[in-house]
Enquirer: 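Before I ask anything, here is the structure I am working with.
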Number of protein chains: 2
Amino acid sequence: MRRQEGPSRRSRCPLNASLEVFGDSWSLMIVRDLMLRGARTFNEFLDGGEGIATNILTNRLQRLAAEGILIKARSTADHRKYLYRLTEKGIDLAPVLAEMIVWGARYEDTDAPPAVIREMELHPEEFLSQVRKQWKNRRSEPGG
Amino acid sequence: MRRQEGPSRRSRCPLNASLEVFGDSWSLMIVRDLMLRGARTFNEFLDGGEGIATNILTNRLQRLAAEGILIKARSTADHRKYLYRLTEKGIDLAPVLAEMIVWGARYEDTDAPPAVIREMELHPEEFLSQVRKQWKNRRSEPGG
DNA sequence: CCGGATCCGTTTCGATACTG
DNA sequence: CAGTATCGAAACGGATCCGG
């Protein structure tokens, strides 16, 4: 019970607040898998995130849920499954994600498709609106 | 000798590459102190970053220097001092920083001046050009 | 099978004291 | 001023086990 929330104990700076929420290696990967790769179940995160352990994944999903970035709910189609989806707060991480992807693609050695990166870089607002549009449609839980 | 570089061992995704470089609590705080708060010496980071320990600060400065995000050099004015400054690669983290600050200011409880945040949010390219302009002038090492 | 929980060895972090 | 050295605490990561 070490990590209780409380309205940002002493880190008033916005950057610190953000870092407290997703300032680790895994949280943003989970958000990316959710946002850009269509991952929705525990095991889809396990595959997509580069080798995260199950206990760490559980921990991060709980933290992100506690922060209101994602929501966990039982699948209506398959009752054994849980489905995770982004909240508005989580979707609004898209610009952060996009800038990190653009920077990584520019300066590190990656295999990112240049077209997608250029799209993110040159038309960020279109990228964001596409993400939003996809998440509008996803309410209907297709293929759950 | 655990952390040797190598051209991104297996993390080809740009996001993973970025997270490997600055995916921890402190690295981006240091970049922010450098970029937005004018910190340039070890002790200025110690004050600005919210209570970072000296060994951690040393470690992060070394890592960031090894990644080519900042450069450490002796002050020409005061030969006892070392001055840290951002490289182009480091300055290009400004958009990432800005988006994280905007998100944190929107969703977490912070004391950020709204005007600055709105400026970052509505005119990101102006914010970026201001940062760049400031770093042009900083070559002359004023007050070192 | 799905979604975890638990155990345990290893790694990293972080506070403080100390040094050139 | 700019870091090392030390050492306990915490986080990580792999493997395994468990409930539905």
Side-chain angles (χ1 to χ4, degrees), chain A residues 1-4 9-11 16 19-30 33-34 38-66 70-85 141 143-144, chain B residues 1-4 9-11 16 19-30 33-34 38-66 70-85 141 143-144:
Chain A
M1 229 19 88
R2 201 64 40 86
R3 185 172 239 281
Q4 42 186 234
R9 264 176 304 290
R10 52 170 188 172
S11 69
N16 298 26
L19 287 172
E20 282 185 8
V21 176
F22 55 82
D24 68 285
S25 320
W26 295 115
S27 297
L28 281 181
M29 284 195 200
I30 293 172
D33 289 346
L34 214 37
R40 283 170 306 164
T41 69
F42 193 87
N43 282 299
E44 286 170 357
F45 294 124
L46 271 188
D47 298 344
E50 312 246 352
I52 187 172
T54 61
N55 52 351
I56 306 295
L57 177 56
T58 300
N59 176 269
R60 290 306 187 277
L61 288 172
Q62 285 175 353
R63 279 173 47 174
L64 290 172
L70 52 79
I71 287 178
K72 170 184 177 179
R74 231 177 247 282
S75 166
T76 56
D78 184 344
H79 216 254
R80 298 169 308 177
K81 283 189 175 181
Y82 291 96
L83 296 182
Y84 295 87
R85 68 177 203 276
E141 190 185 322
Chain B
M1 220 26 85
R2 201 66 41 86
R3 184 173 241 281
Q4 42 187 230
R9 265 176 306 290
R10 53 169 188 174
S11 69
N16 298 25
L19 287 172
E20 282 185 8
V21 177
F22 54 83
D24 69 284
S25 320
W26 297 114
S27 296
L28 281 181
M29 284 196 201
I30 292 172
D33 289 347
L34 215 36
R40 283 170 304 165
T41 69
F42 193 87
N43 282 299
E44 286 170 356
F45 294 124
L46 270 189
D47 297 345
E50 313 245 353
I52 186 173
T54 61
N55 51 351
I56 305 297
L57 177 56
T58 298
N59 176 269
R60 292 306 188 277
L61 287 172
Q62 285 175 354
R63 281 174 46 175
L64 290 172
L70 52 78
I71 287 178
K72 170 184 177 179
R74 233 177 246 282
S75 166
T76 55
D78 184 344
H79 215 254
R80 299 168 306 178
K81 283 189 175 180
Y82 291 96
L83 295 183
Y84 295 87
R85 69 175 202 276
E141 191 188 320

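The sequence lines fix the lettering, A, B, ..., with proteins before strands; numbering per chain opens at 1.
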Enquirer: When all nucleic acid strands are considered with a 4.0 Å heavy-atom cut-off, which category describes B/Phe42: base, sugar-phosphate, or nothing?
Expert: base
Enquirer: From the options C/dC13, C/dC2, D/dC1, select the nucleotide whose nearest atom is closest to the side chain of B/Arg60.
Expert: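 The answer is C/dC13, which lies nearest to the side chain.
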Enquirer: Between A/Arg80 and A/Asp24, which is nearer to the 5' end of DNA chain D once each is assigned its nearest nucleotide?
Expert: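 Taking each residue's closest nucleotide, the earlier one in sequence belongs to A/Asp24.
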Enquirer: Check the distance between D/dA11's C1' and A/Glu20's CD and give it to me in whole angstrom.
Expert: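 After rounding, the reported distance stands at 17 Å.
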Enquirer: In terms of side-chain heavy atoms of B/Ile56, which of C/dA5, C/dC1, C/dC13 is nearest?
Expert: C/dC13
Enquirer: From the list D/dA2, D/dG14, C/dG14, which nucleotide is the closest neighbour of the side chain of B/Thr41?
Expert: D/dA2
Enquirer: Mind calculating the distance between CG (B/Leu70) and C1' (D/dA2) to the nearest angstrom?
Expert: 15 Å
Enquirer: Does the side chain of A/Lys72 get closer than 4.0 angstrom to OP1 or OP2 of C/dG4 through an N or O atom?
Expert: yes
Enquirer: Could you go through B/Leu57 and B/Phe42, starting from their C-alpha distance and side-chain angles, then the distance that decides it, and tell me whether this counts as side-chain contact (heavy atoms from CB on, under 4.5 Å)?
Expert: CA-CA 8 Å; B/Leu57 177 56; B/Phe42 193 87; 3.7 Å; yes
Enquirer: It should be established whether A/Tyr84 places a side-chain nitrogen or oxygen under 4.0 Å from OP1 or OP2 of nucleotide C/dC2.
Expert: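 No, because none of the side-chain N or O atoms of A/Tyr84 sits under 4.0 Å from OP1 or OP2 of C/dC2.
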Enquirer: Nearest to the side chain of B/Asn43, heavy atoms from C-beta on, is which of D/dG14, C/dC2, D/dA2?
Expert: D/dA2
Enquirer: Could you state the CD-C1' distance from B/Gln62 to D/dG3, rounded to the nearest angstrom?
Expert: 9 Å
Enquirer: Any donor-acceptor pair under 3.5 Å between the side chain of B/Thr54 and the base of D/dT4?
Expert: yes
Enquirer: Just to be sure I understand the rule, does B/Arg74 reach a base, reach only the sugar-phosphate, or reach nothing, if contact means heavy atoms closer than 4.0 Å?
Expert: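 Contact class for B/Arg74: none.
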Enquirer: CG of A/Leu57 versus C1' of D/dG13: gap in Å, rounded?
Expert: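 The distance from CG of A/Leu57 to C1' of D/dG13 comes to 13 Å, rounded to the nearest Å.
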Enquirer: Is it the case that D/dG13 (base atoms only) and A/Asn55 (side chain only) share a donor and an acceptor within less than 3.5 Å, ignoring hydrogens and angles?
Expert: yes
Enquirer: When we call it a touch if two heavy atoms are under 4.0 Å apart, what does B/Phe45 touch: a base, just sugar-phosphate, or nothing?
Expert: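 Contact class for B/Phe45: none.
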Enquirer: Which heavy atom of B/Leu34 sits nearest a heavy atom of B/Tyr84, and at what distance?
Expert: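 Looking at all heavy atoms of both residues, the shortest contact is CD1-O, 3.5 Å.
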Enquirer: Tell me if a side-chain donor or acceptor on A/Glu20 pairs with a main-chain N or O of A/Asn16 at a distance below 3.5 Å.
Expert: no
Enquirer: Any donor-acceptor pair under 3.5 Å linking the side chain of A/Arg74 with the backbone of A/His79?
Expert: yes
Enquirer: Rounded to the Å, how far apart are A/Glu50 CD and D/dC12 P?
Expert: 17 Å
Enquirer: Rounded to the nearest Å, what distance is computed from the CG atom of residue B/Leu46 to the C1' atom of nucleotide D/dC1?
Expert: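 After rounding, the reported distance stands at 10 Å.
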Enquirer: Just how far, in rounded Å, is C1' of C/dC1 from NE2 of A/His79?
Expert: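 Whole-Å distance recorded here is 17 Å.
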Enquirer: If the cut-off is 4.0 Å, is A/Trp26 near the phosphate of D/dG13, judged by side-chain N/O to OP1 or OP2?
Expert: yes
Enquirer: Strictly distance-based, threshold 3.5 Å: is any side-chain N or O of A/Gln62 a donor or acceptor partner for the main-chain N or O of A/Asn59?
Expert: no
Enquirer: Counting only side-chain N and O atoms of A/Arg40, is one of them less than 4.0 Å from OP1 or OP2 of C/dG3?
Expert: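 No, no such contact exists.
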Enquirer: What's the CG-C1' distance between B/Leu83 and D/dA2, to the nearest Å?
Expert: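 For the pair B/Leu83 CG and D/dA2 C1', the rounded distance is 12 Å.
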Enquirer: Looking at side-chain heavy atoms only, is the closest gap between A/Ser27 and A/Val21 below 4.5 Å?
Expert: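 Answer no - side chains too far apart.
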